[in-house]
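What's counted below: heavy atoms across the whole structure, side chains too, no hydrogens, waters or symmetry copies. Worth saying up front: this structure is predicted, and the values here are computed from it rather than measured.
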Amino acid sequence: MKATMKDVAALAGVGVGTVSRVINGVKVKEITRKKVEAAINELSYEPDEYARALKTNRSNTLALILPTIWHPFFSELAYYIEEELSKKGYKLYLCNADGDPEKEYEYIQMVKQNKVDGIIGITYSDVDKYVSSNLPFVSIDRHFSEDVTYVTSDNFAGGMLAAKELVMRGCKSVAYIGGFSPFPNETVNRREGFLAYCRDKKIPFKILDMPEPITDLQDQILRFIKENDTIDGIFTVNDFMGLTVLETLETIGKTAPKDFQLIGFDGVRMAQERKYTLSTIAQSVPLMATTAVDAILNKIKGVEVPKRIILPVTFVSNDTTIEKE
C-alpha cells in the first residue's frame with residue numbers, strides 16, 4: 001500500500017503539518033527535518049505534486065522558450081538550465097517557439113494559469129504586449145518596453161575584443177557582417193563595440209548589416225566581398241553567420257585564415273566534447289544558465305532583481321585566425 005503523509009508523521013513522531021512544512025521547504029529544526037526525511041526514505045513516500053501545487057500555488061516547474069532547438073547554442077543553454085533547475089528541485093517545460101508569436105503567447109499564458117511558476121525566454125517574436133514587469137519572466141538578450149529583467153553577455157566589449165584580436169593578428173581592413181532583428185535586443189552592441197574600436201584606432205572598416213529575416217544571404221555576402229576586395233578580417237554577429245561566410249567565400253576560392261581571418265560570436269560547439277566551430281567571442285553558457293535561473297527564482301520569491309545583468313565574454317582562437325606572433 002502506498003505510504004501517506006500520516007504514515008510519515010507517525011514514523012517520525014511529528015505532526016502531519018510538520019511533514020508538510022519539510023516537504024514544502026519551510027524551515028524547521030534540523031533534528032526534526034532529519035527525522036522526517038529518514039521516515040520519507042524508509043517508507044518510500046512520494047508527495048502528491050498536483051495537490052501540493054494547488055495548496056501552495058506553486059508547480060515547481062518553469063518554462064524555457066527557445067526560438068528553435070535545432071541551434072546548438074540554444075540546445076546547450078537548455079541543457080545547463082535544466083541541470084541547474086534540477087539541483088533546485090524544479091522541473092522544466094521546453095518550449096520550441098519556432099518564431100511563432102501565437103505559440104509564445106500560449107506559453108506565457110501558462111504562468112497566468114499557474115501551470116508554471118515562471119518563464120526564461122529567448123524570443124524574437126512580437127510578444128511585447130504580453131510581457132509585463134509583474135510577470136515572472138527573465139529574458140535572454142532581448143529587452144521589452146516594460147521593466148523586464150534580461151540576462152546578456154557583454155556584447156559591446158565582445159565586439160571591441162573581436163576587432164582588437166583581428167588587428168593584433170595583422171588585419172589592415174576589416175568588416176562586420178550581421179543581421180538585425182526588428183525587435184530591440186543586445187546583439188546590436190556587438191556591431192557597435194566593433195565599430196567603436198575601429199574608429200578609435202583608425203582602422204578602415206566596412207559594414208554589411210541586413211534586416212531580418214534575411215533573403216539571398218550568400219548573394220549579399222558575395223556582392224559585399226567583391227565590392228570590398230581589400231578586406232582581410234571579418235567579424236560576424238554570430239557563429240552561424242560566420243560559418244555561412246566561410247562556405248560562401250569558398251565558392252570563389254577564398255579560405256580562412258589564408259585569405260582572410262574571421263571571428264564569430266557565441267561559442268557554438270556541435271557537441272559538449274567538441275571544440276568551437278571557428279575563432280569566436282565565446283559566451284559562458286553555464287554562467288548564463290545559472291544567472292537566468294537565479295534571477296527567475298528570485299523573482300518568484302519576490303526578491304528584487306536588477307533589470308540588466310551583464311556577463312563577461314572571452315576570445316577563443318581556432319582555425320579561422322592565425323596565431324599571434
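Between the side chain of Thr291 and the backbone N or O of Leu287, at least one donor-acceptor pair lies under 3.5 Å. At least one donor-acceptor pair under 3.5 Å links the side chain of Asp154 to the backbone N or O of Ala157. Side-chain N or O atoms of Asn189 include none that pairs as donor or acceptor with a backbone N or O of Asn155 at under 3.5 Å. Distance alone, capped at 3.5 Å, places no donor-acceptor pair between the Ser139 side chain and the Tyr150 backbone.
For Asp266 and Arg190, the salt-bridge test passes: some basic side-chain N is under 4.0 Å from an acidic carboxylate O. Using a 4.0 Å cut-off between charged side-chain N and carboxylate O, Lys275 and Asp319 make a salt bridge. Using a 4.0 Å cut-off between a side-chain N of Lys or Arg and a carboxylate O of Asp or Glu, Lys254 and Glu250 do not qualify as a salt bridge. Residues Arg191 and Asp209 are paired through a salt bridge, judged by an N-O separation under 4.0 Å between the basic side chain and the carboxylate.
Across all non-hydrogen atoms, the minimal contact from Tyr80 to Pro286 is CZ-CG, 3.7 Å. Residues Phe180 and Pro211 come closest through the heavy atom pair CE2-N, 3.5 Å. Counting all heavy atoms, side chain and backbone alike, Phe235 lies closest to Ala162 at CD1-CB, 3.4 Å. In terms of heavy atoms, Ser279 sits closest to Leu262 at CB-O, 3.6 Å. When all heavy atoms of Arg269 and Pro72 are compared, the closest pair comes out as O-CB, 3.4 Å. Here the closest heavy-atom approach between residue Gln218 and residue Thr244 is recorded as CG-CG2, 4.2 Å.
To the nearest 0.5 angstrom, Thr152 atom OG1 is 6.0 Å from Met288 atom CE. In this structure, CG in Asn318 is found 7.5 Å from OG1 in Thr277, a value given to the nearest 0.5 Å. The CD1 atom of Ile65 sits 11.0 Å away from atom CG of Asn96, with the distance rounded to the nearest 0.5 Å. Here the CE atom belonging to Met241 is positioned 9.5 Å from the OG1 atom belonging to Thr248, to the nearest 0.5 angstrom. Atom CG of Leu85 is separated from atom CD1 of Ile296 by 9.5 Å, given to the nearest 0.5 angstrom. Taking CD1 of Ile281 as the reference point, atom CZ of Phe194 lies at 10.5 Å (rounded to 0.5 Å).
By the neighbour-count criterion of 12 heavy atoms within 6.0 Å, atom NZ of Lys103 is densely surrounded, having more than that number from other residues, nucleotides or ligands. Heavy atoms from other residues, nucleotides or ligands lying under 6.0 Å from CD of Glu30 number more than 12. Within 6.0 Å of atom CD1 in Ile252, more than 12 heavy atoms from other residues, nucleotides or ligands are found, so the atom counts as buried in its surroundings.
Ring geometry, His71 versus Phe240: the interplanar angle falls under 30°, so the pair is classed parallel (tilted spans 30 to 60°).
Cation-pi check for Arg142 over Phe183 is met; the charged atom lies under 6.0 angstrom from the ring centroid and within 45 degrees of its normal.
Transitive grouping of hydrophobic side chains (ILVMFWY, heavy atoms separated by less than 4.5 Å) brings Phe315 and Val167 into a common cluster. Hydrophobic clustering, with ILVMFWY side chains joined whenever heavy atoms are under 4.5 angstrom apart, groups Val313 together with Leu195. Put simply, Ile310 and Val151 are part of two different groups of oily side chains (I, L, V, M, F, W, Y) that touch within less than 4.5 Å, one to the next.
Under the salt bridge (charged side-chain N to carboxylate O under 4.0 Å, His left out) criterion, the residue pairs touching residues 178-188 are Glu186-Arg308, with sequence neighbours excluded. Residue pairs meeting the salt bridge (charged side-chain N to carboxylate O under 4.0 Å, His left out) criterion with at least one partner in residues 78-87, sequence neighbours excluded, are Glu84-Lys87, Glu84-Lys88.
With Glu37 as the partner, the side chain to side chain donor-acceptor pair (under 3.5 Å) test is satisfied by one option alone out of Arg33, Lys35, Lys34: Arg33.
Residue Val316 belongs to a hydrophobic cluster whose other members are Tyr276, with links defined by side-chain heavy atoms closer than 4.5 Å.
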